Every structure is written in structure tokens, then in C-alpha cells.
**Q** 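First, the structure itself, so that you have it in front of you.
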Amino acid sequence: MYLKKAYGPRTAFLYGWTLFTVIQTGTIAAVGVAFAKFSGVIFPFFSEKNILLDLGFLKISAAQILAILSIVFLSWLNSRGIRNGSLLQRTFTFAKLSALFGLIIAGLLYFDNNTWELNWNSFWSAASTTQDKATGQWTIVTLSGLTLLSAFGVSMVGSLFSSDAWNNVTFVSGEMENPAKNVAKVWYCGTVVVTGIYLLANVVYLGLLPAIGSPDGQVSWNGGIQFATNDRVGTAAAFQILEMLPYIMAILIMISTFGCNNGLILSGARVYQVMAKDGLFFKQAAEINDAQVPGKALWFQCLWTSLLCLSGTYGDLLDYVVFAVLVFYILTVAGVFHFKKK
């Protein structure tokens, strides 16, 4: 509605369909793959490297199958009524915050000043470790100019993705009590809490693991942040605190990602429902099922998201989402000046 009033129906139409094809569904797929990735810590069968089907042009791993199954289950659960989704959301949000605060507190207690100083000394060194595909040798390459600028852009993908979905609360504002007051409150509190947790978690990582590691590192400290197994930096950091803690953290992160996807699935379907009522989406998406929720919109979302899970890895999906969402966030910010001028 905001983009529609600022730039007209065409821009709003593009945002709605980009939300369906890229932003919301891509985010759900990425979080689903992350859930499967951390499941691989407990159950090695669900590793991204365990390829179940190789068609040449498409490789399907056990992690992708688990991601799809989790999305199908959450879509089914939310199709049974809003209370099921909201109860699950409250439960898993509590577990998610408990896991993150637990890691932060434990990390600060085991904080290694030598590791922190090592990382700080190399903080301004612009270099990248790359592998030669022919020889398999790793070399350190100094970055400058456009290459350095590109590296900054790539490094921002993860941090931008962690702050995404801040606006999803507006998707369900029609089913909230006193949305005029509560939406703004949730926006403010949610943004402050997420930003604070993200910063503290990264301080802990830099105090437990060296940023630059060795590709041949047999333990988490030698591999560092750079070569954490399957990019699971959280479990690598937890390993530095207690040998069994990575498994506990993996379970808690599984709970966290599972709950995160529940919120994304619940909220996303409401947008497609409104679009369908305006004649901008499949008509069936506007229908309300017996549980008084947009059931068909949930299943449309589920189907496309499942296909995206097969399209790539967690990193691929992050790149896919962040580029598209930034275009519309820039338009949203520019809309403030547009309204002021009008």
C-alpha cells in the first residue's frame, strides 16, 4: 500500500510479485536450508554434501529434502488456523532468544583476548583466500579497487539478510489487536533487539575464533571463521567453549530457524490474499478455508518455495533474496522524500 501511494499501482504490482517469486519465498527457502544444515550436525545424513539424486543439471541433497519437508509441515500447520501458527511462533521465539543469549553469555565468559587482538590487528587487511580449481592450492590475494568494493558488497549480504523481514508484522496487522499502536512498537523493539543480538554475537565470534583460518584445520580454532565447517560459525564458536556445546547450539538453532520460518510462512500468505482480492494474483489465493485462514495462498507459497529449495545452497539463496529486497527498500526510503516533496 505504501509503494502504491508513493509510486502508483505498477510499482506495487512489481513488489507483490517480487515478494512471491523472490523475497518472501526465497527467504523461507534459505531459512529452511539453514534448518537442514544445522540438522546435519546432529544427523549427518542431512548434510548438504549427501547427494541423493544427481541429474547432471540438478543435484538434490538430503538437506534440500529436509528443508522442503519442514516447509510443507509448517504450511499445513498454519492452514489449520491462526492460533496454531501464533502459539508455535511464541514458543519458538522464546527458544530462539534463549539460544542466542546463551551463546553470547557463554562466549563472553570464555572470551579470549589474544584471539580478539589477533583479529583486530588484521581487521584492516584487505585480502582474500582463494583456491585454484586446477591445483587445489590456496593462495592469499590482496584486494583493491573494484574487487575490494565487490568484496564489501558480498560481505554485507549476510548482515542485511539478518535484518530482513522487519516489515513482516505489517502483513498480519489486520489480525492484530490495536495495530495502530502495536505495529510501531513491534518495529522499534524488534529492530533494537535484533541489531543488539547480532552485534554481540559477532563480538563473541571474534573473541573465540580467528577470522582468518586454515583450509586444512582439523579443529574449529584452526579453521577459524573463514573455514568453519559448512559455514556453521555458531557451532564452531560453541566448540571453543565446550566440546558438547555445538550439538546443543545446533539443536537450539534448528528450533530458531524452524520458528523463524513459521512466522514467514504465516505472514507471507496474507499478502498474496490481499493481492488476489485486488485482482493482482491467482483468484484462489483470496479464498478463506474452514479454519478462517488463506489456505490456498499458503499452498501456492509452499509450492514455489519448495522449488527454490532445489535451486541452490544457503549462500545462493541469500544472494538471490538480498539483491531484490534492497531495490524495494531503497524505493521505500526514497518514498519518504517523495511524499515530503508532494
Side-chain angles (χ1 to χ4, degrees), residues 25-54 58-78 84-85 88-89 91-103 106 158 161-162 165 197 201 205 209 219-220 223 225 227-266 301-303 305-318 320-321:
T25 51
T27 302
I28 294 170
V31 175
V33 171
F35 166 77
K37 178 188 289 189
F38 281 92
S39 299
V41 176
I42 311 299
F43 308 103
F45 175 81
F46 293 114
S47 168
E48 289 181 302
K49 296 181 180 179
N50 182 14
I51 305 300
L52 301 179
L53 181 63
D54 188 349
L58 177 66
K59 293 182 180 180
I60 301 177
S61 68
Q64 290 171 313
I65 296 298
L66 179 60
I68 291 171
L69 290 175
S70 69
I71 291 164
V72 170
F73 172 75
L74 287 172
S75 298
W76 171 81
L77 185 70
N78 278 280
N84 291 331
L88 187 71
Q89 192 62 34
T91 304
F92 279 78
T93 297
F94 176 78
K96 180 195 315 183
L97 292 175
S98 299
L100 289 167
F101 281 121
L103 175 62
F161 184 77
S162 72
I197 289 175
Y205 295 156
L209 296 169
V219 294
S220 58
I225 294 174
F227 294 103
T229 305
N230 293 328
D231 297 327
R232 293 189 294 245
V233 179
T235 52
F239 191 86
Q240 291 299 106
I241 302 171
L242 183 66
E243 189 171 341
M244 287 301 297
L245 191 56
Y247 299 100
I248 299 172
M249 283 305 304
I251 293 171
L252 291 173
I253 293 174
M254 286 168 59
I255 293 171
S256 170
T257 50
F258 195 76
C260 175
N261 251 357
N262 178 69
L264 292 168
I265 289 169
L266 183 152
Q301 177 179 253
C302 176
L303 177 61
T305 303
S306 298
L307 292 174
L308 290 181
C309 286
L310 301 176
S311 67
T313 62
Y314 178 70
D316 295 333
L317 291 165
L318 254 62
Y320 179 67
V321 171

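Keep in mind it's a predicted model, so treat the numbers as computed, not measured. All values below come from the heavy atoms of this structure, side chains included, with hydrogens, waters and symmetry mates left out.
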**Q** For Ala62 versus Phe46, what's the shortest heavy-atom pair and its separation?
**A** O-CD2, 3.7 Å
**Q** Mind checking whether Phe45 and Leu52 have side chains closer than 4.5 Å, heavy atoms only?
**A**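 Of all side-chain heavy-atom pairs linking Leu52 with Phe45, at least one is under 4.5 Å.
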**Q** For residues Phe258 and Phe38, determine if any side-chain heavy atom of one lies less than 4.5 Å from a side-chain heavy atom of the other.
**A**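 They are not in contact (no side-chain heavy atoms under 4.5 Å apart), so the answer is no.
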**Q** Quick check: closest heavy atoms across Gln64 and Lys59, and the distance to 0.1 Å?
**A**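 Minimum heavy-atom separation between Gln64 and Lys59: OE1-O, 3.2 Å.
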**Q** Supply the atom-to-atom distance Ile253 CD1 to Cys260 SG, rounded to the nearest 0.5 angstrom.
**A**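 Answer rounded to 0.5 Å: 12.5 Å.
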**Q** Closest approach of Val72 and Ser306, non-hydrogen atoms and distance?
**A** CG2-OG, 4.4 Å
**Q** Quick check: do Phe101 and Ile197 have side-chain heavy atoms less than 4.5 Å from each other?
**A**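 Yes - at least one pair of side-chain heavy atoms lies under 4.5 Å apart.
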**Q** Check Thr257 against Val31 and note the closest heavy-atom contact, atom names and distance.
**A**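 Closest pair (atom of Thr257, atom of Val31, distance): O-CG1, 3.3 Å.
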**Q** If you round to the nearest 0.5 Å, how far is CD1 of Ile65 from CG of Leu310?
**A** 6.5 Å
**Q** Kindly compute the distance separating CG (Leu266) from OG (Ser75), expressed to the nearest 0.5 Å.
**A** 10.5 Å
**Q** Measuring from atom CD1 of Ile68 to atom CD1 of Ile60, what distance do you get when rounded to the nearest 0.5 angstrom?
**A**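 CD1 of Ile60 is found 7.5 Å from CD1 of Ile68.
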**Q** Looking at every heavy atom in both Gln301 and Leu264, which two are closest together, and how far apart are they?
**A**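 Closest approach of Gln301 to Leu264: OE1-O, 4.2 Å.
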**Q** Rounded to the nearest 0.5 Å, how far apart are CG of Leu58 and CD1 of Ile51?
**A**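 It is 9.5 Å, given to the nearest 0.5 Å.
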**Q** For Ile28, does its backbone N or O pair with a side-chain atom of Asn261 as donor and acceptor, under 3.5 Å?
**A** yes
**Q** Any side-chain heavy-atom pair from Ile265 and Leu77 closer than 4.5 angstrom?
**A**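 No, side chains not in contact.
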**Q** Can you tell me how far CD1 of Ile71 sits from SG of Cys309, rounded to the nearest 0.5 angstrom?
**A**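 One finds 3.5 Å between SG of Cys309 and CD1 of Ile71.
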**Q** Taking all atoms of both residues into account, what is the closest heavy-atom pair of Ala36 and Ala67, and its distance?
**A** CB-N, 4.1 Å
**Q** Could you check whether any side-chain heavy atom of Phe94 comes within less than 4.5 Å of a side-chain heavy atom of Ile255, counting everything from C-beta outward?
**A** no
**Q** Do the non-hydrogen side-chain atoms of Met254 and Ile42 ever get within less than 4.5 Å of each other?
**A**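 Touching, per the 4.5 Å side-chain cut-off.
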